[in-house]
Novice: 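Before we start, here is the structure in question, set down as structure tokens.
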Amino acid sequence: MTKRPNILLILNDDMGYSDIRCYGGEIDTPNLDRLAANGLRFSQFYNTARCSPSRASLLTGLHPHQTGIGILTYDSGPEGYAGNLNQRCVTIAEVLKSGGYRTYMSGKWHVSSNLKTPTDSWPMQRGFDRFYGTIIGAGSFYDPNTLTRDNTEISAYADPEYQPRETFYYTDALSDNAARYIAEHKQRSGAKPFFLYLAYTAAHWPMHARERDIAKYKGKYDAGYEPIRRARYERAKQLGLIDPRWPLSPQAGAWDKVSDKAWEARCMEVYAAMVDSMDQGIGRVVAELKRQGQFDNTLIFFLQDNGGCAEQNGRNLPGPNAANPYQTRPGKPVYPVLANDAQHYFTSMPKQTRDGRAVVLGPNVLAGPDDTFIAYGQGWANVSNTPFREYKHWTHEGGISTPLLAHWPQGIPAKQRNKLVNDPGHLIDLMATCVDLAGAQYPREFDGRAITPLEGISLRPTFSG
């Protein structure tokens, strides 16, 4: 290796093992499929089953409790659950910046409990030269809460640096700002390598997508859960991603008992459109890398923070005064939850749109538009996590299994491309890989404070087989 690579780390949100086509899915993801065909696919890569711990682990190369993010970004008492990145860890951005990299982030942060005021757990204070995104964990795709540029909270509709040609849509905004950072880097810091962390909120609830993307999937899910799940299972076996001796895990939910099949199918149509839109954006980012002559020496990783999400948010609720947003209509909990989780949901949901329309919930509301706030539900989450059991929150395979794509034309030999890596790996290994390839030094001390030793190991040997 004669030149240190740029590193583009793409993380998406609340998606299952089988959603993208190169892992067995039927959703149209041509840009990710091309990265897979010309790179590596890992069949046994693992996250922590939940968004904040996964992000903390990915950013630091440590296990989440070592960083202070044991559950989410609220203080749950013990040291490992403080809800903020602590001062005994360093981020990939901090380490690579110390090694001469420029560092950029576009996307969801969700490792800080302070949502309005910059603290030592915000991106710019943890090594990033530029930041565009949201501090909170979820929100409207049309008008996201805590939208921030660098250290300043902004509005999607009053941002002098970015205004889309059409309606603001957060997935597009993240892709467009990531592409912008790549272009600006070449102009201003072209001699230096860069690290770019692109953290999408797709396909986390609410199910928000543009009608033109939803239309592409109209009717695709009308037959229900089982046929889609069975087809994904067969494709995953054909692709070599799972052992053909493994049986398909039990079906969650019976399609013949779904009272409003058109509504239920619409939820998955919108979910697929969200994934499709993210893939379109990744295509624009890759195109910008090529336009700037950076593509061949950029290592691109793509992975997920946890499995598909079985939360019932917005599907059966009369409104935000409900005692427990995770209950079904008869009052039976879907699973035990913390009170803070309910608070997180309603903090994320706007009460109305910018033009004054009430945000509505419940089974009579078609997902997709800006005045809705609905999850896609347990049945479709079970489809997303094919062939595994359980979901986000659970540390079964359905909660912790993620695709990992690695693409790097100058660093992955041609003979290795389109191959599977079956060795187990974990989020903690990404920091170790970045430090290794950047020729950087993981510190024992940083800014005068002792740093917890790195837990992961470099994935670099897998690139050469």
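All values below come from the heavy atoms of this structure, side chains included, with hydrogens, waters and symmetry mates left out. In this chain, numbering begins with 1 at the start of the sequence shown.
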Novice: What I want to find out is whether Arg230 reaches Glu226 closely enough, with some N-O distance under 4.0 Å, to be called a salt bridge.
Specialist: yes
Novice: Might you point out which heavy atoms bring Pro403 and Tyr17 nearest each other, and give the distance in Å?
Specialist: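 Closest approach of Pro403 to Tyr17: CG-O, 3.6 Å.
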Novice: To the closest 0.5 Å, what do you measure between CG (Asn6) and CG (Leu289)?
Specialist: 7.5 Å
Novice: How about CZ on Arg389, more than 12 heavy atoms from neighbouring residues, nucleotides or ligands closer than 6.0 Å, or not?
Specialist: no
Novice: Taking NZ, NE, NH1 and NH2 as the nitrogens, is one of them in Glu264 or Lys261 under 4.0 Å from a carboxylate oxygen of the other?
Specialist: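 No, no charged N to carboxylate O under 4.0 Å.
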Novice: Once you round to the nearest 0.5 Å, how far does OG of Ser384 lie from OH of Tyr225?
Specialist: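 Nearest 0.5 Å value for the OG-OH distance: 12.0 Å.
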Novice: If we ignore angles and hydrogens, is there a donor and acceptor under 3.5 Å between the side chains of His185 and Tyr104?
Specialist: yes
Novice: Any idea how Phe295 and His407 line up, ring-wise: parallel (<30°), tilted (30 to 60°), or perpendicular (>60°)?
Specialist: tilted
Novice: Are Arg266 and Glu211 ion-paired here, with the side-chain N under 4.0 Å from a carboxylate O?
Specialist: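 A salt bridge links Arg266 with Glu211.
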Novice: Do Trp408 and Asp296 meet the criterion of a side-chain donor-acceptor pair at a distance under 3.5 Å?
Specialist: no
Novice: Please determine, by modelled atom types, if Asn47 and Asp305 share a side-chain donor-acceptor pair under 3.5 angstrom.
Specialist: no
Novice: Is the closest basic N to carboxylate O distance between Asp213 and Arg210 below 4.0 Å?
Specialist: yes
Novice: Using the six-membered ring wherever Trp is involved, compare the ring planes of Tyr170 and Tyr132 and label them parallel, tilted or perpendicular (cut-offs 30° and 60°).
Specialist: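 Plane angle between 30° and 60°, so tilted.
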Novice: Can a donor-acceptor pair be found between the side chains of Arg315 and Gln312 at a distance below 3.5 Å?
Specialist: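 Present: a donor and an acceptor within the cut-off.
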Novice: Taking the basic N atoms (NZ, or NE/NH1/NH2) and the acidic carboxylate oxygens, is any pair closer than 4.0 Å for Lys237 and Asp243?
Specialist: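 Salt bridge absent between Lys237 and Asp243.
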Novice: Any side-chain heavy-atom pair from Thr29 and Asp276 closer than 4.5 angstrom?
Specialist: no
Novice: Which one of Leu8, Leu59, Ile7, Thr91 satisfies the side-chain contact (heavy atoms from CB on, under 4.5 Å) criterion with Tyr197?
Specialist: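 Between Tyr197 and the candidates, side-chain contact (heavy atoms from CB on, under 4.5 Å) is satisfied uniquely by Leu59.
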Novice: Mind checking whether Phe388 and Trp246 have parallel, tilted or perpendicular rings, split at 30° and 60°?
Specialist: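 Taking Trp246 first and then Phe388, their aromatic rings sit tilted (interplane angle of 30° to 60°).
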Novice: I'd like to know whether Leu9 forms a side-chain contact (heavy atoms from CB on, under 4.5 Å) with Leu198, so could you lay out the CA-CA distance, the side-chain angles of the two residues, the decisive distance to 0.1 Å, and finally the verdict.
Specialist: CA-CA 6 Å; Leu9 180 53; Leu198 175 53; over 6 Å; no
Novice: Give a yes or no on whether a salt bridge exists between Arg212 and Glu166, defined as a side-chain N under 4.0 angstrom from a carboxylate O.
Specialist: yes
Novice: Between Trp380 and Trp205, does the ring centre distance come in under 6.0 Å?
Specialist: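 Distance test on ring centres: not under 6.0 Å, no.
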Novice: Measure the shortest side-chain to side-chain distance between Arg41 and Leu405 over non-hydrogen atoms and say whether it is less than 4.5 angstrom.
Specialist: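 Sidechains of Leu405 and Arg41: in contact.
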Novice: Compute whether any side-chain donor of one residue and acceptor of the other, for Ser43 and Asn422, lie under 3.5 angstrom apart.
Specialist: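 Their side chains do contain a donor-acceptor pair, which is all the 3.5 Å distance test asks for.
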Novice: So does Lys218 have more than 12 non-hydrogen atoms from other groups sitting under 6.0 Å from NZ?
Specialist: no
Novice: Got a sec, which residues hit side chain to side chain contact (heavy atoms under 4.5 Å, CB included) with Val359, two or more places apart in sequence or on another chain?
Specialist: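 Residues passing side chain to side chain contact (heavy atoms under 4.5 Å, CB included) with Val359: Met349, Pro350, Phe373.
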Novice: Are Tyr81 and His65 near enough that their ring centres are under 6.0 Å apart?
Specialist: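 Under 6.0 Å, so yes.
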Novice: Working to the nearest 0.5 angstrom, can you tell me the gap between Glu269 CD and Lys220 NZ?
Specialist: 10.5 Å
Novice: Is the shortest side-chain heavy-atom distance between Tyr271 and Met15 below 4.5 Å?
Specialist: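 Result yes, sub-4.5 Å side-chain heavy-atom pair found.
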Novice: Will you find, in the side chains of Glu311 and Tyr391, an N or O donor that is under 3.5 Å from an N or O acceptor?
Specialist: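 There is no such pair between these side chains.
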Novice: Assess whether a salt bridge exists between Asp14 and Lys392, defined as any Lys/Arg side-chain N lying under 4.0 Å from an Asp/Glu carboxylate O.
Specialist: yes
Novice: Can you find a heavy atom in the side chain of Ser464 that is under 4.5 Å from one in the side chain of Gln416?
Specialist: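 Of all side-chain heavy-atom pairs linking Gln416 with Ser464, none is under 4.5 Å.
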Novice: Look at the aromatic rings of Phe42 and Phe45 and report parallel, tilted or perpendicular, splitting at 30° and 60°.
Specialist: perpendicular
